[in-house]
Amino acid sequence: MSKSTRFFEVIQLLRSATKPILAREIAAALEVSVRTVYRDIASLQAMQTPILGEPGVGYVMRKGYDLPPINLDVDEAEAIAVGLSLIARTGDAGLWRAAGRAARKLQEAAPGTRKLVTSSWGVGNTACVDISQIRLAIRRECKLNIHYRDAEGRETARIVWPLVMIYYVDNAMIVAWCEKRQDLRHFRLDRMAHCAFLSEDFKGRGDALIAQWEQTQKHDTVSTKDL
């Protein structure tokens, strides 16, 4: 999480609190160290952000402090709120934490979204690998070394180029270029016994492969309705 994002999150937590919040509670919510929280609060106070309190006592935000609003109409805000709630169903813990941060920001701009609640039932974290790291590899176009078990339990080692993450109700998978097969393949995350970053990347080549997948295989893999 970047420093600017942490600053925003600290402000959001303090603005929504009904009582003083201890630094360790902020640290737990943001998954950072208590020392980082103390440093961030000191920086915010130096920038004239009206945060009151001290270590061991807790912190509060002086009433009346506002942030710029998000320009969304009611339907847009409600659509985003429901979508954020449904992220719990992916089993992706990192994405769920990010959704929680986004939901707090959205509630500041559109308080009525608190009235929309969805079930968190879904896939659960069945993957043996860190889904957040796979998403990072997709963004950075980094190759992955995976050990993959097929439906019969046979395990093979492969080098893949991760392109797209697909979340289903009962599972999640990636679309990737497989160097072993020299073709596009789909890999279920719950069948990956091992996954590691490689120093090699495929920068600049992902878009063409994704376009190829969209033209030839996407309709067989993902069923969507016209929006």
Side-chain angles (χ1 to χ4, degrees), residues 1-47 49-61 65 67-68 70 77 80-111 113-114 116-142 144 162 165 167 171-172 174 189-190 192 194-197:
M1 186 187 300
S2 68
K3 181 184 291 188
S4 59
T5 301
R6 286 202 316 272
F7 284 0
F8 190 97
E9 289 299 323
V10 169
I11 291 172
Q12 291 295 88
L13 287 170
L14 293 174
R15 290 184 70 227
S16 60
T18 58
K19 62 180 181 179
I21 305 180
L22 295 172
R24 68 170 179 269
E25 295 172 325
I26 298 174
L30 302 186
E31 297 185 317
V32 298
S33 68
V34 173
R35 180 176 295 181
T36 296
V37 172
Y38 285 143
R39 188 168 54 244
D40 288 349
I41 288 178
S43 296
L44 286 166
Q45 289 173 328
M47 292 186 288
T49 307
I51 297 175
L52 309 176
E54 59 186 51
V57 176
Y59 297 92
V60 296
M61 178 72 70
Y65 184 76
L67 292 171
I70 301 174
I80 294 171
V82 172
L84 290 171
S85 296
L86 290 171
I87 287 175
R89 300 186 178 193
T90 67
D92 187 329
L95 209 58
W96 178 230
R97 289 192 294 270
R101 297 195 299 269
R104 288 195 294 270
K105 296 175 185 177
L106 183 63
Q107 286 177 10
E108 289 294 326
T113 57
R114 296 182 63 188
L116 301 174
V117 179
T118 64
S119 167
S120 60
W121 173 87
V123 58
N125 190 6
T126 59
C128 299
V129 296
D130 188 337
I131 303 178
S132 296
Q133 291 301 303
I134 294 179
R135 286 191 285 105
L136 180 62
I138 290 173
R139 290 197 300 271
R140 294 183 176 177
E141 296 190 333
C142 294
L144 295 174
M165 179 78 76
Y167 296 99
N171 212 323
I174 60 169
L189 299 192
D190 62 345
M192 288 187 191
H194 169 79
C195 178
F197 277 79

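Owing to the predicted nature of the structure, the values given are computational and were not obtained by experimental measurement.
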Quick one: are [X] and [Y] in side-chain contact, heavy atoms under 4.5 Å?
X    : Y    : answer
Y167 : I131 : yes
D92  : S132 : yes
I26  : L14  : yes

Quick one: closest heavy-atom pair of [X] and [Y], and the distance?
X    : Y    : value
A77  : L106 : O-CD2, 3.5 Å
I21  : L13  : CD1-O, 3.5 Å
Y38  : G56  : OH-N, 4.3 Å
V10  : L30  : CG2-CD1, 3.7 Å
L144 : A137 : CD2-CB, 3.8 Å
M47  : F7   : CE-CE2, 3.5 Å

Rounded to the nearest 0.5 Å, how far does [atom2] of [Y] lie from [atom1] of [X]?
X    : Y    : atom1 : atom2 : answer
I134 : M192 : CD1   : CE    : 4.5 Å
C195 : L189 : SG    : CG    : 8.5 Å
T49  : L52  : OG1   : CG    : 11.0 Å

Inset, instruction - Provide the full list of salt bridge (charged side-chain N to carboxylate O under 4.0 Å, His left out) pairs with a residue in residues 3-12, sequence neighbours left out, each pair given once. - result: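 Qualifying pairs: R6-D40, E9-R104, E9-K105.
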Legend entry - Residue pairs fulfilling salt bridge (charged side-chain N to carboxylate O under 4.0 Å, His left out) with at least one residue in residues 24-39, sequence neighbours excluded: E31-R97
Inset, instruction - Report the residues that fulfil salt bridge (Lys or Arg N to Asp or Glu O under 4.0 Å) with R140, sequence neighbours left out, ordered by chain and then residue number. - result: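 R140 satisfies salt bridge (Lys or Arg N to Asp or Glu O under 4.0 Å) with no residue once adjacent residues are dropped.
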